[in-house]
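Just so it is clear: chains get the letters A, B, ... in the order the sequence lines come, proteins before strands, and each one is counted from 1.
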Amino acid sequence: MELELERELQKHFRFSTFRTGQKEIIQDVLNGNDVLGILPTGSGKSICYQLPAIMMDGLTIVVSPLISLMMDQVKEMKANHFKKVIAINSFMNFEERREIYRNIHTYKLLFISPELLSQDFIIHLLQRVKVSLFVIDEAHCISQWGYEFRPDYLKLNSIIEKLGNPPTLALSGTATPEVQADIMTSLNKPEMIKHIYPMDKPNIAFCIEEVENDQEKNDMIIQLLKKYNIPTLIYFSSRLTAESFTRFLSEKLQGRRVGFYHAGMEPMDRVMIQQQFMNNQLDIVCCTSAFGMGINKGNIRLIIHYHIPLQLESFIQEVGRAGRDGKSSVSLLLFSKSDMLLPNHLIKSELPDAKDLSNVFGYLRDLTLQDMDLPKDDVQIQNLFNLNETQWRFLRYQLEKHHLIHDNKIMDYNKTWEDIYQSIFHVINSRVKLKISKLTEIIKWIHEDRCLRDTLYQGFQPTHSGAEFQCCSNCGFTWSEWTPEQQEIESNLGLNWENKLKKLLLLDI
DNA sequence: TTAGGGTTAGGGTTAGGGTTAGTGACGGTGCAAACCT
């Protein structure tokens, strides 16, 4: 068995040895166990399901949060001469999708979103093939997105059951013990075998600066970026500010290539900015939290937070994109007292409040009394109830869970309505409370006097390595002592046309 | 009396991604149309 695994790895991926954690996870998976694997990004998480998928009979299903991640995976595997892999999404046309459904039994590996996987038709289709392994990639999304933003993540447990309870593998790069427990509870698999590996970054120095206002933030950033010409990400909690700051930087830093990135942009523009940054054709990207998942660029040297993330988990994920190559990198978080308004607003806008909830129940009751269904169009419902998209999605999930609505039919009015109201009201309250406490946690960390590295990681893992370079602003970090490797002017400069062509072709296999 | 510092209030803002209808596959049964003698 031992040697056999290495032989399979060599045969299919041309690696002679496994990286940390891979083999242990794969062995447990092949033995039919449910496994939770926390491996740092860039450590080859995907091998953990790709190799079992090849070796096992039947189909491996991989739930992935982003279509772009699915595409990357399929492209990579096909480049590795593995052809029995496919991703389904709603952008494919009818014919393409029908072709996949017809040939579903010929694939070994299927990438799919939780939303598509929640559709009855897809479940019926997959019930006809043997599902050998069920994988949740970026499994922290269950905890981070499932409760409000993408409730279909919470339906995975019932989907796994409908598929005959295949062995389940949940993978993530960052998950606190709290998030790990949340994943297992949500999947209804309390007995998962855990393989947890440290994700602290010894090569990143943590720096926090309190300022009076945004003007001071701007001055400080300009001063820094004038000194350092290095691949830099600046995180914002506002799309508009990210855009306007990009213009500001372009003005102040002549010759520096600056771009912005957020979820409100055209998909083509997003791909372009990401590619340019990856290929060192952009120096600085001003972005929202949309930027990052699946970005594998080794030489990001500086991550600046212009606004405070809503939780330490997000901060760690965003900061973790620096210094993947192991070289000295810095995280700088800027904050002023007035910054508290923004995260508070974001938390509130995610969930309906008490007034919204009683409004909705009133409307629903009126509709049943008139023997009417909910409108078919969700936008119409949102307008009717005066909720935003996320609030209504959260509420729809809750109402469906309590069987008060099904599709667009509303349950007849009876005395259980009051219990359901109370139950949803309770969920909202505890979610808001939890989010506020997470925000409080990061605020507390920002005001910490002790070592920032120690206090940041203490909730995430039992121990962590010390700093490899400078530690943090509480341990005497100084900018004057920081001399990062400066960026080469143009990454392709050293390549002749033949190598450039090879590089291009490799990128597009 | 005035410049300057500190505080507060008020205005309008605010992240994240997927999806939308149709679709597959199989065997058994019942029935009607087509074909053969």
Check the distance between B/dA21's P and A/Tyr101's OH and give it to me in whole angstrom. 12 Å
Electrostatic pair A/Glu148-A/Lys435, nearest N-O below 4.0 angstrom: yes
Is a donor from one side chain sitting under 3.5 angstrom from an acceptor on the other, for A/His305 and A/Glu318? yes
By nearest nucleotide on DNA chain B, pick out whichever of A/Leu125 and A/Glu389 is the more 5' one. A/Glu389
Would A/Lys297 and A/Phe277 count as a cation-pi pair here, with the cationic atom under 6.0 angstrom from the ring centre and within 45° of the axis? yes
For nucleotides 8-16 of chain B, read 5' to 3', which letter fits each nucleotide if B means a protein heavy atom sits under 4.0 Å from the base, S means only the sugar-phosphate is that close, and - means neither? ------BBB
Does the gap between the ring centers of A/Phe385 and A/Tyr363 come in under 6.0 Å? yes
For a quick check of understanding: with a heavy-atom distance under 4.0 Å over all strands, which category does A/Arg102 fall into, base, sugar-phosphate or nothing? sugar-phosphate
B/dA25 C1' sits how many Å from A/Asn103 CG, rounded? 12 Å
Using a heavy-atom cut-off of under 4.0 Å over every strand shown, decide if A/Glu212 touches base, sugar-phosphate, or nothing. nothing
Give one of base, sugar-phosphate or nothing for A/Ile100, where a contact means two heavy atoms less than 4.0 Å apart. nothing
Can you tell me if A/Arg239 and A/Tyr261 form a side-chain donor-acceptor pair at under 3.5 Å? no
Counting the atoms with a prime plus P, OP1 and OP2 as sugar-phosphate, which does A/Pro65 contact under 4.0 Å by heavy atoms, base, sugar-phosphate, or nothing? sugar-phosphate
Polar contact flag, side-chain donor to acceptor under 3.5 angstrom, A/Gln382-A/Asp378: no
Does the side-chain ring of A/Phe94 sit on the six-membered ring of the B/dT23 base, less than 5.5 Å centre to centre and under 30° in tilt? no
For A/Ile122 and B/dA25, what is the distance between atoms CD1 and P respectively, to the nearest whole Å? 13 Å
